[in-house]
Number of protein chains: 2
Amino acid sequence: MTDNPYEASPERRAERLAETAPTECDVRVERLVTELIGRVADKWTMIILEVLEEHKELRFTELARKVEGISQKMLTQTLRHMERDGMVTRTIHPVIPPRVDYRLTPLGLSLGAAFCGVWIWAEKNLTEVEAARTAFDAR
Amino acid sequence: MTDNPYEASPERRAERLAETAPTECDVRVERLVTELIGRVADKWTMIILEVLEEHKELRFTELARKVEGISQKMLTQTLRHMERDGMVTRTIHPVIPPRVDYRLTPLGLSLGAAFCGVWIWAEKNLTEVEAARTAFDAR
DNA sequence: CAGAATCCTTGGAGATACTG
DNA sequence: CAGTATCTCCAAGGATTCTG
């Protein structure tokens, strides 16, 4: 993974790169995709996505209540990330007391749809997973 | 979230529970599902799933090489979790040097399929997310 | 080779207090 | 109300070493 300073020769190095890098650019894209997955396949992100899918629009405290178990800090943080990634819009109403509404963008909705399969899978296979666990633990 | 010791009366408490707990059992299931999602929507789990989907069967070091950036510790750990959850079988060949093969179970395969939508989403929307980020940062 | 064990660091995350 | 700022702490995870 780290550069090998003892590479035999430039030729050898080119050879090695040719082996490990099918089109060199694909690798870069693949890495970006992987990184994006890492960002997006996060527990809180998934749940917030889910909640915002159900209730079109929610304000901060409503989210805090609906999300169950999230700390205020993590909520803010996750929402910021989601906003930055274009998943969520954040509209501030200049009133007192302040009011901020969160709502999914089309991009966020599409991700929610993509995750839908995982939720369904989890519901459908919950008992099977639990069975596997107890079987594994009893050993 | 924590029990409120100042609940006015048993009646009031029952009322509150009726509000927050549509069928009480659903909540339990929902929590289990959420917890399962938290377990399964993990970066390394997703990637290992992906890799094992592509190459039917891999041994430990092969996985370590294919997974790119994972430490040996995390690989072992994640594989154990996946095995415990019934995603993966671990077959030990009693030879010297030792050889251990990992392969997805039907359950693992089904989860991989469920995640497939997310991978596709990530590939398709990578540029849009990056655009959103730069737009957000330039502010 | 396939791990287990150990040590060590960092940043993830909670709790609390403060502010526009 | 909707956050930001600060302090703190624990555990996730990396690096390294050891072993059947």
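Proteins come first, then strands; the chains are lettered A, B, ... in the order of their sequence lines, and each starts at number 1. Atom set for the values below is all heavy atoms of this structure, side chains included, hydrogens, waters and symmetry mates excluded.
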Go nucleotide by nucleotide along DNA chain C from the 5' end; which of B/Pro98 and B/Thr76 gets its closest nucleotide reached first? B/Pro98
Using the rule given for side chain to side chain contact (heavy atoms under 4.5 Å, CB included), can you reason through B/Lys43 versus A/Ile37, listing the C-alpha separation, both sets of side-chain angles and the distance that settles it, and then say yes or no? CA-CA 7 Å; B/Lys43 185 191 172 186; A/Ile37 290 279; 5.7 Å; no
Just to verify, what does B/Thr45 make a side-chain contact (heavy atoms from CB on, under 4.5 Å) with, not counting sequence neighbours? B/Asp42, B/Thr78, B/Met82
Atom OH of A/Tyr102 and atom P of D/dC1 are separated, to the nearest Å, by 14 Å
Rounded to whole angstroms, how far apart are CH2 on B/Trp44 and P on D/dG13? 10 Å
Checking side chain to side chain contact (heavy atoms under 4.5 Å, CB included) for the pair A/Met46/A/Trp119: CA distance, chi angles, key distance, verdict? CA-CA 9 Å; A/Met46 281 193 66; A/Trp119 284 100; 3.5 Å; yes
Consider salt bridge (Lys or Arg N to Asp or Glu O under 4.0 Å). Of B/Glu57, B/Glu83, B/Glu62, which one does B/Arg103 pass it with? B/Glu57
Can you tell if the side chain of B/Glu35 reaches within under 4.5 Å of the side chain of B/Arg39, non-hydrogen atoms only? yes
Do the non-hydrogen side-chain atoms of B/Thr76 and B/Phe60 ever get within less than 4.5 Å of each other? yes
Should B/Leu32 and A/Glu130 count as side-chain neighbours, where that means a heavy-atom distance under 4.5 Å? yes
What are the atom names and distances for every N/O pair under 3.5 Å that joins the protein to nucleotides 5-11 of chain D?
none

Less than 4.5 Å apart, any side-chain heavy atom of B/Glu128 and any of A/Leu107? yes
Between C1' on D/dG20 and CD1 on B/Ile96, what's the gap in Å once rounded to a whole number? 8 Å
Does some side-chain heavy atom of B/Asp85 sit less than 4.5 Å from a side-chain heavy atom of B/Leu111? no
Find out whether A/Tyr102 and A/Val51 are in side-chain contact, i.e. whether some heavy atom of one side chain is under 4.5 Å from a heavy atom of the other. no
Of the residues in residues 77-92 of chain A, which ones touch DNA chain D at a heavy-atom distance under 4.0 Å? A/Arg80, A/Arg90
Take B/Arg59 and B/Asp101 through the test side chain to side chain contact (heavy atoms under 4.5 Å, CB included) and record every step on the way to the result. CA-CA 4 Å; B/Arg59 52 195 299 187; B/Asp101 286 331; 3.6 Å; yes
Specify the residues of residues 47-63 of chain A, ordered by number, for which at least one heavy atom lies under 4.0 angstrom from an atom of DNA chain D. A/Arg59, A/Phe60, A/Thr61
Contact check, side chains of A/Gln77 and A/His81, non-hydrogen atoms, under 4.5 Å: yes
Would you work out how much the helix from C/dC1-D/dG20 to C/dG20-D/dC1 bends between its ends, with each end axis defined by five base pairs, to 10 degrees? 50°
Full working for side chain to side chain contact (heavy atoms under 4.5 Å, CB included) between B/His93 and B/Val100: CA-CA 6 Å; B/His93 301 282; B/Val100 178; over 6 Å; no
Relative to the 5' end of DNA chain D, which residue comes earlier, A/Asp101 or B/Met74, by the nucleotide with the nearest heavy atom? A/Asp101
Can you pull the contact range of chain A along DNA chain C, 5' to 3', using atoms under 4.0 angstrom from its heavy atoms? C/dA13 to C/dG20
How about A/Leu104 and A/Val88: do any of their side-chain heavy atoms sit closer than 4.5 Å? yes
Are B/Met87 and B/Ile92 linked, directly or through intermediate hydrophobic residues, by side-chain heavy-atom contacts shorter than 4.5 Å (ILVMFWY only)? yes
